[in-house]
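Following: one structure in structure tokens, then a few remarks.
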Amino acid sequence: MISGLQVALKNAIDVIAPPATPLEDFTYHWKQLMNFYVNHLSDRKASIESSGIPRHLDRLLEILLTEEKGEDSPGPCLEYLLQHRLLDLLATLAGAETPPGMRLVCLSFLRKLLGRSKHPLLHHVSVYAPVHRLIALCNGHLASPIEAEEIQFLLTLCFLVCKYPPLTRIVNDASSVHRENSVPKEDTEKIDAQRITYVPARKRNNSNPLFEPLNTQAVMLINPNLFATDSEGKLSHRPERYATDKNTSTQDILDKIPKTTRNTSTRSSGSISLKDVESISESSSPVSQKLPQDPLPVTNQVVSNTNDYGSSSQVPVSMASASYKVENKFQDPTNLRIDSDFASDNNMEYMKEHSKNHTFLEVPPVTENSKCFLVDALISYLNTADNTVRVRACEGIMVLASLDDSAFAHAVSRSDLPTVLSKRLEALYNSIPAHVDPNDVDEVDVTWGLDSPMWTNDNKFPGCRQVAAFFMWLDYCDQLIREAHLEVGEAIAKTITVSFFDKVITPALVDHHVVLITALLTKCLKEISSPLLSTEISHWLVGQHRDPELPNVWTTPILHRLIDNCCTESNDLTLETLKLFEEMIEKRNEHILHCLVLTYLITRGYYDNSAADSAIASWSDEEDEREREKKGTVDLSREQNHSRTLAPTNIHRIINCFLSLVPRQLQTDSDVNNYERYMADWEKQYSTVLTDCALLAWPLEAVTIDDSASSDSRPEADHCSARFYMGPFLTMILDKVSNIPNQRYEINLQLTVVISRLALLPHPYLHEFLLNPLLPLAPGTKSLFACLQRVVKQLVSDVPKTQDYKHILRSTRQRLLENCSQEPVKENILYDSVIITEEFCKELAAIAYVKYHRSM
Amino acid sequence: MSYAYLFKYIIIGDTGVGKSCLLLQFTDKRFQPVHDLTIGVEFGARMITIDGKQIKLQIWDTAGQEAFRSITRSYYRGAAGALLVYDITRRETFNHLTTWLEDARQHSNSNMVIMLIGNKSDLDSRREVRREEGEAFAREHGLVFMETSAKTAANVEEAFINTAKEIYEKIQEGVFDINNEANGIKIGPQHSPTSPGGLAGNGGQGGAQGGGCC
């Protein structure tokens with residue numbers, strides 16, 4: 001009733017009074033706003049709608065924005081706002097959430113003011129101090145009904161920081177906040193004023209009191225220092241967050257106390273909305289532990305006290321009286337609901353014990369090793385259940401992480417960010433149900449931003465959402481690493497590789513869901529595109545050392561685990577792991593290819609020098625001549641992409657070798673020259689491969705290091721060739737080739753895919769090793785062609801044992817290649833193998849020809 | 001809300017050219033003269049009909065400021081269409097088109113349909129960029145062109161729908177691989193093609209992804 005009367009009265013006054021100056025208008029609305037607190041001493045819980053506060057704030061904002069139109073220098077209203085620290089008071093009221101809903105209104109007011117004002121306001125101590133306090137109120141670890149407004153506020157700050165990069169110091173340097181609470185304010189402000197380099201000189205003009213160090217005219221309604229006891233009380237009864245802080249000294253913690261106090265946010269426990277968009281909580285995942293859904297049972301009211309600033313003298317009377325009464329109200333002991341168990345427990349031992357292992361839920365904005373206030377606040381929203389809010393937090397972090405400011409980047413890289421990203425990845429990974437079909441994994445194509453609205457209703461296959469959530473997060477991490485400042489990107493890439501891939505995936509490669517995990521890993525590898533993360537992952541996969549391994553000495557645990565996984569009884573595991581190898585080759589990552597195969601081949605240990613010299617089994621006369629000419633030298637006069645190794649003149653003999661490998665009686669394809677139909681496709685793929693590999697600085701020709709020049713090296717070279725070791729991967733692959741007649745069709749098919757991928761690479765040594773059957777080989781050296789010959793030999797002896805084998809082969813071919821399902825023919829590994837060998841030989845011939853053709 | 005296809009769009013262009021207003025006009029059919037700066041990326045959706053088929057458009061309205069470019073780059077990937085907007089009353093927004101286009105082409109999939117839009121056609125008296133210039137730019141870079149007014153709603157529907165038509169045609173021509181969601185196109189729930197069989201029954205070696213034979 002009273003407020004209704006007020007409105008009526010106000011309207012009457014508005015009509016009667018002459019047009020007021022903007023400042024009068026401004027102060028009027030401000031006083032009206034404050035009057036609420038005077039008039040509602042007993043009724044602080046009155047709803048914000050009836051208080052008229054939003055309306056007054058809207059007017060204040062309007063006046064401020066109108067004032068700056070056409071004016072370059074700040075007008076009287078803005079001066080009043082800054083000088084009388086109105087924002088400080090608002091931040092205090094927001095912190096106290098008086099009346100309920102005040103925080104939302106204040107955040108929105110400040111967001112609009114900062115976002116729309118053309119003045120870079122944030123550097124004023126009377127703006128950034130309250131902004132800091134509001135940032136501290138924004139804590140995504142506590143479910144809040146106004147998350148959306150909180151994140152919007154933070155995002156606006158991100159925008160301002162990007163717009164005026166010097167602000168990084170202010171918004172992110174926690175120490176400046178600390179100083180704000182200490183007494184020598186003048187010094188702080190002077191320092192801050194000096195740090196602001198972009199403020200036009202005239203704005204620091206002495207004639208403008210606004211930009212002079214303020215004295216103590218501002219009243220701090222609430223002195224955060226007095227929360228110290230409160231915060232300690234709260235430290236303990238919050239659920240533990242995952243441990244991220246290590247080795248924090250007690251002193252650090254004690255230093256932080258004044259700041260942590262400002263995080264004693266008040267959230268009404270009834271306001272928790274479980275926006276359970278994400279299904280993490282459905283399954284056991286670390287995230288659910290990290291997201292305690294039950295807030296504090298007791299709402300800690302923000303306590304206020306004015307002892308420290310009680311002597312402030314220049315307070316406008318109305319404000320002073322209003323605020324004084326509000327304070328008194330707050331000091332009502334019934335509102336101080338500090339848990340008695342902990343309120344007194346503030347001794348050092350206690351602090352020490354708890355600071356070592358825990359990050360306290362309510363203090364993430366001030367972590368021990370980070371000074372990135374804003375980043376820390378945004379980080380706290382990364383695990384929120386609300387999709388939209390999380391994506392916004394992701395956006396904010398991305399813009400901050402990409403700022404070109406090395407000091408700031410350094411701080412971000414040392415913040416919680418890398419750990420939080422990696423922990424979330426792990427949590428989402430853990431939430432993927434074990435029953436997901438590995439074959440479905442590859443179909444999930446998502447990006448972190450675009451797919452956020454829809455993935456929740458997507459239900460292509462059971463577990464699809466969880467798989468999508470995981471890959472969306474991976475995509476975000478990958479993109480963040482790509483966009484971020486180098487130092488930040490490196491830190492994130494390292495942390496993800498160590499904490500997720502190494503700590504989580506490595507042990508999982510032996511567990512009983514390994515098939516699915518391998519499929520997920522393959523997809524991860526496929527999706528990762530940022531160079532930094534690719535490099536880290538490649539090191540994890542094949543080790544950092546580039547030298548060849550010795551036989552039976554295993555120095556790269558992951559690679560050997562994968563190779564072992566290819567040789568188990570489980571066909572599914574073999575198949576998935578071969579797909580992973582295919583993806584590893586397809587990444588065309590120099591380090592992976594080098595460690596996997598190239599490092600073993602570049603010594604050309606497989607090559608028989610003596611045979612070439614004596615021209616026995618020579619490739620051709622011309623080749624021999626080239627060989628003699630080129631020993632030890634690379635002819636740079638030749639055209640760059642013209643490689644004789646890739647384009648030998650005896651190409652027709654080579655192709656014939658492949659095409660005539662399977663004898664007539666086993667051939668089911670009437671037209672031997674059918675290999676040509678593979679060519680168009682390989683041609684296309686080879687173009688891509690060439691582009692991708694252009695920068696890898698691979699040699700042009702396969703040459704033997706000159707061995708005639710020094711007689712010392714010759715025996716050694718022979719020695720080497722006698723012990724040629726093709727490395728664990730190629731050994732496994734060729735073993736599998738020899739085993740073609742005994743393997744299932746799917747495995748053989750994937751095997752041929754892997755080899756084709758390798759054969760397509762324009763690396764001269766790899767090329768001649770795989771694709772030149774005429775190459776004289778050192779004694780005892782296995783080669784692809786030799787293995788295939790043995791396979792054919794076995795097939796020739798086994799297959800004709802059946803009477804009607806020609807007919808069976810024909811129908812097998814139909815079933816496999818022509819997808820004709822009318823006539824179900826019983827699967828038979830032996831017949832399947834004949835078909836696959838025949839087709840594989842054609843493929844190799846096609847690849848050899850495509851490479852020849854492109855190198856001419 | 002079933003649909004035959006879902007297309008993902010993004011709206012790009014300098015700050016203040018009216019991207020958010022275009023989206024608001026298209027999704028809500030209203031104009032908001034005072035609009036807060038878009039911070040980050042906003043999202044809107046609407047259903048349209050093309051060729052008798054329900055098509056859902058999901059539209060991301062990006063922030064034009066340089067500061068948010070890193071985010072915008074992230075959103076290019078996986079979009080089927082882009083509206084590249086400039087302001088006909090501000091020459092510099094037209095001059096920046098090349099940069100936008102380069103950025104878009106570099107980070108999107110090659111088939112992304114780009115529609116060039118000269119917005120604020122209602123402010124003809126303050127026009128700084130002639131219609132012919134927009135047309136010429138579009139022709140030169142293979143874009144579809146249109147002048148719109150988010151305020152009067154002139155051509156706004158058409159801009160979004162024509163982009164969708166273009167995408168739809170590309171699907172009919174087989175340019176877009178609709179099974180690959182990385183292209184920014186999704187087939188509606190009831191329209192999913194029968195899932196391909198296992199490796200074995202699916203065309204032999206060619207069936208394997210990238211196998212390349214047959």
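Keep in mind the model is a prediction, meaning the values are calculated, not measured. So that the names make sense, note that chain A is the first sequence line, chain B the second, and so on, each numbered from 1.
Within 6.0 Å of CZ on B:R126 lie no more than 12 heavy atoms contributed by other residues, nucleotides or ligands.
For B:R69 (side chain) and A:V399 (main-chain N/O), no donor-acceptor pair under 3.5 Å exists by modelled atom type.
Note: B:S70 OG to A:L403 CG = 8.5 Å, rounded to the nearest 0.5 Å. Atom CD1 of B:I39 and atom CG of A:L160 lie 7.0 Å apart (nearest 0.5 Å). Rounding to the nearest 0.5 Å gives a distance of 6.0 Å between CD of A:E483 and OG of B:S74.
Using a 4.5 Å cut-off on side-chain heavy atoms (C-beta onward), B:R77 and A:W448 make contact. Two residues are said to be in side-chain contact when any heavy atoms from C-beta on lie closer than 4.5 Å; A:R482 and B:R73 fail this criterion.
Interface remark: B:I71 contributes backbone and side-chain atoms alike to the contact with chain A (heavy atom separation under 4.5 Å). With a threshold of 4.5 angstrom between heavy atoms, A:E586 does not approach chain B through any atom at all. For A:K684, no part sits under 4.5 Å from any heavy atom of chain B, backbone or side chain.
For the residue pair B:Y75 and A:V391, the shortest heavy atom distance occurs at OH-CG1, 3.5 Å.
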